[in-house]
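Only a predicted model underlies this, so the values are computations on that prediction, with no experimental measurement involved.
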There are 2 protein chains.
Amino acid sequence: MAEGPTITTIAERAGVSIASVSRVLNGLPTRQETVRKVMAAAEELGYVRNAVARSLKSRRTHQVAFAMADVGNPAYLAMLRQIQPVLKAAGYRIVLHSTDAVVADEIDVLHSLGERYVDGLIMSPLRVTGRHLQMLATARAPVVIIGSVPEGTPVDNVRADSRTGVKLAIDHLHALGRRRIGMVNGPPDTVPGAARGAAYIEALEACGLPYDENLVQIGDFYRAEGGRAVAALLDRVPDLDALMCANDLIALGALDVLRAAGRRVPQDVAVVGMDDTDLAAASWPSLTSVSLGSAERGKAAAELLLDRLQHGEREPRVVTVPPRLVVRASTTGEEEGGT
Amino acid sequence: MAEGPTITTIAERAGVSIASVSRVLNGLPTRQETVRKVMAAAEELGYVRNAVARSLKSRRTHQVAFAMADVGNPAYLAMLRQIQPVLKAAGYRIVLHSTDAVVADEIDVLHSLGERYVDGLIMSPLRVTGRHLQMLATARAPVVIIGSVPEGTPVDNVRADSRTGVKLAIDHLHALGRRRIGMVNGPPDTVPGAARGAAYIEALEACGLPYDENLVQIGDFYRAEGGRAVAALLDRVPDLDALMCANDLIALGALDVLRAAGRRVPQDVAVVGMDDTDLAAASWPSLTSVSLGSAERGKAAAELLLDRLQHGEREPRVVTVPPRLVVRASTTGEEEGGT
DNA sequence: TTGTAGGCGTTATCAG
DNA sequence: CTGATAACGCCTACAA
């Protein structure tokens with residue numbers, strides 16, 4: 001933990017000016033002799049360049065922030081897993097923010113861009129409020145939003161297509177002969193909550209199934225809350241034969257509660273989750289789940305941000321990642337073996 | 001994305017000196033009138049203080065790095081989940097590094113402390129090599145290691161007690177009447193690999209069970225590798241009746257392979273994992289697992305680092321977190337219902 | 001090719 | 001109480 005050497009220290013040691021040291025360190029044309037002396041001094045002193053000073057001068061931090069709603073949700077992790085290598089390869093560090101989907105915290109993160117400790121931000125908000133849009137419009141660094149923002153918002157935008165995703169799931173359940181399909185959703189004031197709720201109604205109608213509002217239960221995007229919501233739903237509609245869950249955590253809660261209630265999955269009640277997280281493959285029974293392409297969305301977001309960082313101003317872009325239904329035992333009863 | 005205002009901008013606008021602006025912004029005693037003018041100007045301009053310049057001056061970045069081996073392993077996530085709020089509450093941001101347990105990458109991270117972009121580091125290396133120790137001895141910022149380092153290494157150290165943990169598991173299996181207990185371990189040149197391998201032998205002897213090296217199979221700490229290792233082990237020792245797996249991912253791989261091989265869990269083969277991750281509770285059958293206190297270790301690490309950052313030099317500390325056996329269906333056959 | 005000097009935005013010292 | 005002014009460590013004209 002010794003005092004770190006600076007270019008001044010090196011300059012003294014090598015008997016040259018700090019300008020020469022800087023030049024050598026940055027590979028600018030310099031006399032061989034000088035290069036040798038500087039390198040030798042730097043080596044002996046164990047010099048490492050100071051990133052902070054460099055940032056102040058260059059106005060670039062080589063850091064990018066990623067703001068996730070919930071560190072406990074594997075869907076965000078899947079994004080992070082893809083974001084990480086893309087940014088790292090381009091020489092960026094990742095600063096992690098966990099907002100717990102609290103709007104004030106998200107606004108804080110947006111506001112803190114003004115502190116200029118990062119060159120850009122990838123954010124995945126659950127709600128997009130007026131304040132969000134206002135902050136986004138005046139953000140002091142490029143932002144990529146994973147989730148949907150209104151047209152005209154001056155940020156790059158990576159979207160999932162949960163509408164089609166829900167339709168894939170409902171069609172699948174319908175094809176399996178299910179007719180009383182319940183929906184366990186997260187808060188309707190969240191972007192995914194609203195989209196998935198609307199998509200459910202739409203998909204039912206497309207199948208020719210009647211929409212019964214008793215079949216819809218609002219909870220939250222966590223396992224315990226999901227379980228509670230399912231319990232309430234079962235209570236009200238004992239004869240339902242399938243559950244569309246707005247994410248995998250809710251679906252796990254559903255499995256908990258159904259098991260406790262003695263309902264067999266999928267014989268009595270088929271269950272579908274969303275996000276196709278690692279948990280879906282590990283659960284019992286394994287969970288049919290709609291992949292919304294978390295990994296792909298993370299990768300796309302990182303690439304959009306990099307492009308923006310490297311090429312500066314341009315029109316905002318929108319990338320939409322298509323969903324995919326991953327069928328497992330919770331709807332078909334067939335556990336896959338092997339790896 | 002307008003040019004950001006600086007204290008100079010504010011000073012001009014308010015008609016005072018930059019020194020006064022700085023004072024007001026830092027809450028130092030100032031005349032009311034001046035305060036008012038400065039605040040008004042700052043408000044109008046949407047001023048946000050520049051973190052980089054502030055860091056250069058104060059030699060504090062208010063950032064802490066967390067270097068995890070594997071973003072895909074929920075055990076590290078559990079740590080992160082605890083580290084995050086502790087550091088955030090103290091005003092620190094988290095910079096995330098994923099090293100994939102590659103020694104060179106970990107050394108890089110240690111080396112990069114010299115760049116002074118963080119005030120400290122929490123690292124959880126799988127291996128601790130000579131180079132690690134060498135870098136730790138000369139690290140340019142406080143480091144907390146999650147994992148075991150030799151006595152005398154000048155860093156704070158949070159340890160799991162996998163020796164006791166393995167013993168808990170073996171005792172449990174022995175008490176259930178299992179006598180041919182296999183071990184699926186990660187690489188023996190890793191700290192946990194070595195510790196758990198030795199603990200297995202020790203625990204067997206403590207139970208009065210003979211040690212048979214055929215019962216030990218080396219793989220790696222991932223699901224697919226774990227599965228392959230189990231397959232090899234089953235091939236060689238068809239009559240084993242229990243598996244001690246060195247982490248939960250390996251155990252999941254074991255479940256995959258056992259299912260494919262038509263062995264019932266736990267009737268034919270009981271399975272125990274380690275780390276007690278979310279996956280253990282979600283898997284089928286749910287997984288008995290030894291909790292090594294990932295969450296507690298993360299919390300302890302964050303607190304040690306904070307203490308060090310706030311109080312400066314002091315003797316290195318060692319915190320050891322006790323293990324806990326979490327019994328589930330993969331050894332007893334009884335699925336818990338409910339949440 | 002090399003050195004001197006100014007500035008990136010803040011904080012802090014020291015006279016007024 | 002306030003205003004110059006000097007750092008913090010680095011980069012980069014500009015001049016020698």
Salt-bridge contact B:Glu115-A:Arg93 (side-chain N to carboxylate O under 4.0 Å) = yes
B:Asn26 CG to C:dA12 C1', straight-line distance once rounded to whole Å = 10 Å
Pick out the pairs of N or O atoms, protein on one side and nucleotides 2-6 of chain D on the other, that lie under 3.5 Å.
residue : atom : partner : partner atom : Å
D:dT2   : OP1  : B:Arg31 : NE           : 3.0
D:dT2   : OP1  : B:Arg31 : NH2          : 3.2
D:dT2   : OP1  : B:Thr34 : OG1          : 2.2
D:dT2   : OP2  : B:Arg31 : N            : 3.1
D:dG3   : OP2  : B:Ser17 : N            : 3.1
D:dG3   : OP2  : B:Ser17 : OG           : 3.1
D:dG3   : OP2  : B:Ser20 : OG           : 2.6
D:dG3   : N7   : B:Arg23 : NH2          : 2.9
D:dG3   : O6   : B:Arg23 : NH2          : 2.5

Any pair counted as ring-ring contact (aromatic ring centres under 6.0 Å, His included), so long as it reaches residues 101-147 of chain B, sequence neighbours left out = none
Starting at CZ of A:Arg36 and ending at P of C:dT1, how long is that distance when rounded to a whole Å?
-> 17 Å
Pairs in or reaching into residues 143-157 of chain A: which pass side-chain hydrogen bond (donor to acceptor under 3.5 Å, both in side chains), with residues at least two apart or in two chains?
-> A:Asp156-A:Arg314, A:Asn157-A:Arg159
Should B:Val95 and B:Val64 count as side-chain neighbours, where that means a heavy-atom distance under 4.5 Å?
-> no
Mind checking what makes side chain to side chain contact (heavy atoms under 4.5 Å, CB included) contact with A:Ala194, not counting sequence neighbours?
-> none
Whole-Å distance between D:dC11 P and A:Ile10 CD1?
-> 11 Å
Atom CZ of A:Arg60 and atom C1' of C:dC8 are separated, to the nearest Å, by 16 Å
Pairs touching residues 297-321 of chain B that satisfy ring-ring contact (aromatic ring centres under 6.0 Å, His included), sequence neighbours left out = none
Name every donor-acceptor pair, under 3.5 Å, that has one atom in a side chain of residues 51-59 of chain A and the other anywhere in the protein, sequence neighbours excluded.
residue : atom : partner : partner atom : Å
A:Arg54 : NH2  : A:Asn26 : OD1          : 3.3
A:Ser55 : OG   : A:Ala51 : O            : 2.9
A:Ser55 : OG   : A:Arg60 : O            : 3.0
A:Ser58 : OG   : A:Arg54 : O            : 2.9
A:Ser58 : OG   : A:Arg60 : N            : 3.3
A:Ser58 : OG   : A:Arg60 : O            : 3.4

Atom CG of B:Leu25 and atom P of C:dA12: how far apart are they, to the nearest Å?
-> 13 Å
With axes from five pairs an end, tell me the bend angle of the helix from C:dT1-D:dA16 to C:dG16-D:dC1, nearest 10°.
-> 50°
Sequence neighbours excluded - ring-ring contact (aromatic ring centres under 6.0 Å, His included) pairs with any residue from residues 78-98 of chain B | B:His62-B:Tyr92
What residues form a side chain to side chain contact (heavy atoms under 4.5 Å, CB included) with B:Thr6, not counting sequence neighbours?
-> B:Thr8, B:Thr9
Round to the nearest Å and state the distance from B:Lys37 atom NZ to D:dC1 atom C1'.
-> 12 Å
Would you say a side-chain N or O of B:Ser22 is under 4.0 Å from OP1 or OP2 of C:dT11?
-> yes
Rounded to the Å, how far apart are A:Ile7 CD1 and D:dC10 C1'?
-> 5 Å
Stretch residues 44-56 of chain B: residues that reach within less than 4.0 Å of DNA chain D through a heavy atom = B:Leu56
Who pairs with B:Asp108 by side chain to side chain contact (heavy atoms under 4.5 Å, CB included), at least two apart in sequence or on another chain?
-> none
Starting from P on D:dC11, measure out to NE2 on A:His62 and report it in whole angstrom.
-> 11 Å
Return a table of donor-acceptor pairs under 3.5 angstrom between the side chains of residues 69-80 of chain B and protein atoms on other chains or two or more places apart.
residue : atom : partner : partner atom : Å
B:Asp70 : OD1  : B:Gly72 : N            : 2.7
B:Asn73 : OD1  : B:Ala75 : N            : 2.9

